[in-house]
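Residue numbers begin at 1 in each chain, while the letters A, B, ... track the order of the sequences.
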Amino acid sequence: MKILLVAEYRDGKLLGSVNELIAFAGKMGAESAMFLVGSDSALPAYAGTLYLADAAACGEFNPDVHKQLLLDVVAREQPEMIVFSHSSYGWDLAPRIACALKAAQVSEVVDVEGDALIVPVCNAKLRRTVKPKTGQTVVTLQAGAFGLADAPVGSPTVEKVAAAGTGKLEFGGYEAAEQGGVDLTKAEVIVSAGRGIGKPENVAMIAALAKALKGEYGASRPVVDSGWVEHKRQVGTTGQSVAPKLYLACGISGAIQHLAGMKKSEFIVAINTDKDAPIGDVADVLVVADLKQFVPMLTEKIQAL
Amino acid sequence: MKILVCIKQVPDMESKFKVAASGTWYDTADLAWRMNEYDEYAVEQAVQLKEQVGDADLTVLCIGGEQVKETMKKALAMGCDRGVHIADDKSAEKEPYQIAGIIAEFARDKGFDLIFTGMQSQDRGSAQVGVLVAELLAIPSISTIVQFTFAGGRIETKRELEGGVKAIVRTSTPALVTCQLGLNTPRYPTLPNIMKAKKKELVSLPVTDLLKVEARQETAKLFFPEKKGGGLVLEGDVGPLADRLIQILKEKTGVLA
Ligand SMILES: Cc1cc2nc3c(=O)[nH]c(=O)nc-3n(C[C@H](O)[C@H](O)[C@H](O)COP(=O)(O)OP(=O)(O)OC[C@H]3O[C@@H](n4cnc5c(N)ncnc54)[C@H](O)[C@@H]3O)c2cc1C
Ligand SMILES: Nc1ncnc2c1ncn2[C@@H]1O[C@H](COP(=O)(O)O)[C@@H](O)[C@H]1O
């Protein structure tokens with residue numbers, strides 16, 4: 001089998017997710033080549049052919065042009081599988097490629113089983129085994145699902161590619177994430193509020209427990225999106241990545257994007273009314289309880305110690 | 001201006017799921033249903049755009065069985081003008097390319113200036129349908145937007161990237177955008193608007209008229225993942241539970257020392 005890996009580059013840097021693509025190719029026992037819109041000065045450690053387009057010339061974000069470049073490489077390499085990360089770059093470009101190639105696209109693959117691909121369903125509560133029916137398949141990989149035991153070595157044989165045309169989207173630059181304020185990465189204890197807190201008034205309850213534990217409080221995305229807690233306290237792929245000694249997830253279901261930001265914590269406690277919530281998969285202790293009763297009780301008892 | 005918003009009905013994610021007899025999807029009996037969370041932001045943005053331009057006609061589209069009409073009524077109560085229900089009892093078995101094919105077939109030649117979709121559905125979560133619809137219609141698409149403005153036939157959006165970074169992306173209409181969580185604050189339908197929505201047009205079209213593409217993939221099996229964590233599960237009254245947890249924290253972590 002031959003696989004084409006699509007690496008990513010942003011703001012002058014090659015993204016580390018390239019190693020997950022390499023790990024996936026290894027797991028599939030496949031021959032591979034790689035495609036990157038990036039730069040000479042940020043090449044991946046990869047022993048294979050790298051089709052490299054210059055980001056300065058064709059734009060870091062320019063789906064129409066990237067699509068054309070990639071389709072040209074696909075025509076040359078004739079891979080059976082084209083593999084992206086399931087990331088803001090990957091889930092945007094992959095369907096464009098799949099549509100042009102009349103190929104099946106299987107999103108957010110977490111595992112493989114022979115020629116079948118496994119993907120999550122319903123917030124990772126269930127899984128689905130999917131079989132593509134087309135000669136070529138486009139795949140996006142869930143972040144963190146495939147890893148390498150050792151850092152990859154080697155340097156690529158670079159094959160430069162270029163494209164004509166401009167595309168229909170105009171890229172107006174990046175806007176940095178909000179800066180300053182609380183630095184959750186320094187906290188030894190983080191107590192996070194999820195949608196299960198129910199109403200903004202209950203943030204105080206989470207903050208009080210954090211204080212009793214001499215830590216900081218954080219939040220999952222819906223709590224931030226609702227404006228109950230500021231964005232700087234959001235934990236997850238589009239917030240901060242933390243690894244405190246103790247992480248208490250209160251009323252958080254454990255979506256992959258939240259887990260990505262906290263699963264490296266040393267000790268994880270989840271408080272949830274749903275015994276089957278996916279957060280249970282990473283929690284050292286799952287307390288099945290209504291946080292509105294449990295959290296104040298726990299805070300009181302800790303304060304009394 | 002003509003606007004289309006595509007919504008999906010999904011089960012409440014806190015439901016207790018069971019694998020259906022077919023072995024390829026979840027059992028749909030005894031579940032509570034709601035609008036796909038991402039699509040609530042899509043509907044809200046479409047309604048805000050309609051309010052901004054004034055002279056606009058906003059259609060909400062949903063593919064599914066009879067029961068999806070309940071969710072469509074919510075979109076009508078939020079401010080959509082008319083509903084197009086594409087009647088398909090087997091929509092759950094369709095893969096994203098087929099769903100996109102149906103939507104594109106409906107939208108083709110109807111002159112929609114803007115199409116809104118969610119970035120992904122909560123149950124299947126493929127994050128494909130929106131972008132595929134745009135590709136099939138050969139119009140530009142911007143995915144994962146957290147900000148949207150329209151002026152003079154141009155849209156300016158912010159796409160959300162990893163780590164909270166955003167990319168500013170502009171294009172001209174006709175265009176499609178896929179909506180990410182937090183794009184806006186979806187409104188709650190008011191009682192008068194719920195009453196008004198009952199009188200709005202909601203037509204059903206048979207899916208067979210619009211399904212022109214074949215499935216490119218199939219589900220072999222749906223299953224529950226093995227529990228890997230093996231963490232401790234504590235249940236009972238909150239008082240003793242809190243004492244247990246404190247004990248564990250003392251033993252296993254340094255934080256209460
Ligand atoms: C591209 C992308 C990026 C994202 N980035 C992030 C991110 O950075 N961070 C993030 O958190 N999410 C992120 N998300 C959203 C993520 O997918 C989930 O939607 C989100 O994490 C869910 O938050 P939650 O667990 O608080 O809410 P829900 O999933 O709604 O879960 C609420 C939980 O509370 C429990 N509960 C309810 N009532 C109670 C009670 N009284 N007591 C105890 N438990 C209760 C429920 O059983 C449930 O498990 C992102 C999504 C996408 C698509
Ligand atoms: N059955 C459906 N009917 C109408 N729109 C849908 C349907 N399924 C998916 N969509 C739209 O496509 C988006 C992405 O879905 P998906 O590609 O399945 O993750 C959703 O947020 C909806 O806007």
Any pair with a residue in residues 96-120 of chain A that passes ring-ring contact (aromatic ring centres under 6.0 Å, His included), sequence neighbours left out, goes on the list, sorted by first then second residue, please.
none

Side-chain touch B:I168/A:F171, heavy atoms, less than 4.5 angstrom:
no

Most heavy-atom pairs under 4.5 Å with chain A, out of B:E37, B:K166, B:K16, belong to B:K166

Would you compute the distance between atom CZ of A:F294 and atom CG of B:D237 and round it to the nearest 0.5 angstrom?
12.0 Å

Among the listed options A:E108, A:R221, A:H231, the residue most often paired with chain B at heavy-atom distances under 4.5 Å
A:R221

Tell me, for B:L183 versus chain A, whether the close heavy atoms (under 4.5 Å) come from the side chain, the backbone, both or neither.
neither

Please report the interatomic distance CG(A:L126) to CZ(B:F223), rounded to the nearest 0.5 Å.
9.0 Å

Looking at A:K168 and B:E135, is any side-chain nitrogen of the basic one under 4.0 Å from a carboxylate oxygen of the acidic one?
no

Counting only heavy atoms closer than 4.5 Å, note whether B:V129 contacts chain A via side chain, backbone, both or neither.
neither

Considering all heavy atoms of both residues, which atom of B:V255 and which atom of A:K245 are nearest to each other, and what is their separation?
CG1-CB, 4.2 Å

Answer key: most heavy-atom pairs under 4.5 Å with chain A among B:E95, B:Q128, B:Q120, B:Q180 is B:Q128

Shorter than 4.5 Å, heavy atoms on both sides: which option in B:T171, B:N184, B:V213 has the most such pairs with chain A?
B:T171

Under 4.5 Å, counting heavy-atom pairs only, tell me which of B:M119, B:R244, B:E156 racks up the most with chain A.
B:M119

Which pairs, with at least one residue in residues 288-305 of chain A and sequence neighbours excluded, count as a side chain to side chain donor-acceptor pair (under 3.5 Å)?
A:K301-B:D243

Contact winner vs chain A - B:K252, B:E14, B:M13, B:E160, heavy-atom pairs under 4.5 Å:
B:E160

Pick from B:L161, B:T144, B:L132 with the largest number of heavy-atom pairs that fall under 4.5 Å of chain A
B:L161

Does the pair B:E214/A:K102 count as a salt bridge with the N-to-O cut at 4.0 Å?
no

What one should report as the nearest heavy-atom pair of A:K131 and B:A220 is CG-CB, 4.4 Å

Any donor and acceptor pair, going by atom type alone, linking the side chain of B:Q217 with main-chain N or O of A:V130 inside 3.5 Å?
no

Closest approach of B:P225 to A:A124 (non-hydrogen atoms, all atoms of both residues):
CG-O, 3.9 Å

Using a strict 4.0 Å threshold on nitrogen-to-oxygen distance, state whether B:E162 and A:R10 make a salt bridge.
yes

Is it the side chain or the backbone of B:K250 that comes within 4.5 Å of chain A heavy atoms, both, or neither?
side chain

Would the distance check show the side chain of A:R128 and the main-chain N or O of B:K221 forming a donor-acceptor pair, the cut-off being under 3.5 Å?
no

Turns out that what part of B:F17 lies under 4.5 Å from chain A's heavy atoms comes down to side chain

Structural part of B:L241 lying under 4.5 Å from a heavy atom of chain A
both

Which one of A:M297, A:K125, A:K67 has the most heavy-atom pairs closer than 4.5 Å to chain B?
A:K125

Side-chain H-bond candidate by donor/acceptor type, A:W91 with B:S126, under 3.5 Å:
no

Taking 4.0 angstrom as the limit, do A:R127 and B:E226 come out as a salt bridge?
no

Contact origin within B:I248 toward chain A - heavy atom pairs under 4.5 Å
side chain

So for B:S141, is it side chain, backbone, both, or neither that comes closer than 4.5 Å to the heavy atoms of chain A?
both

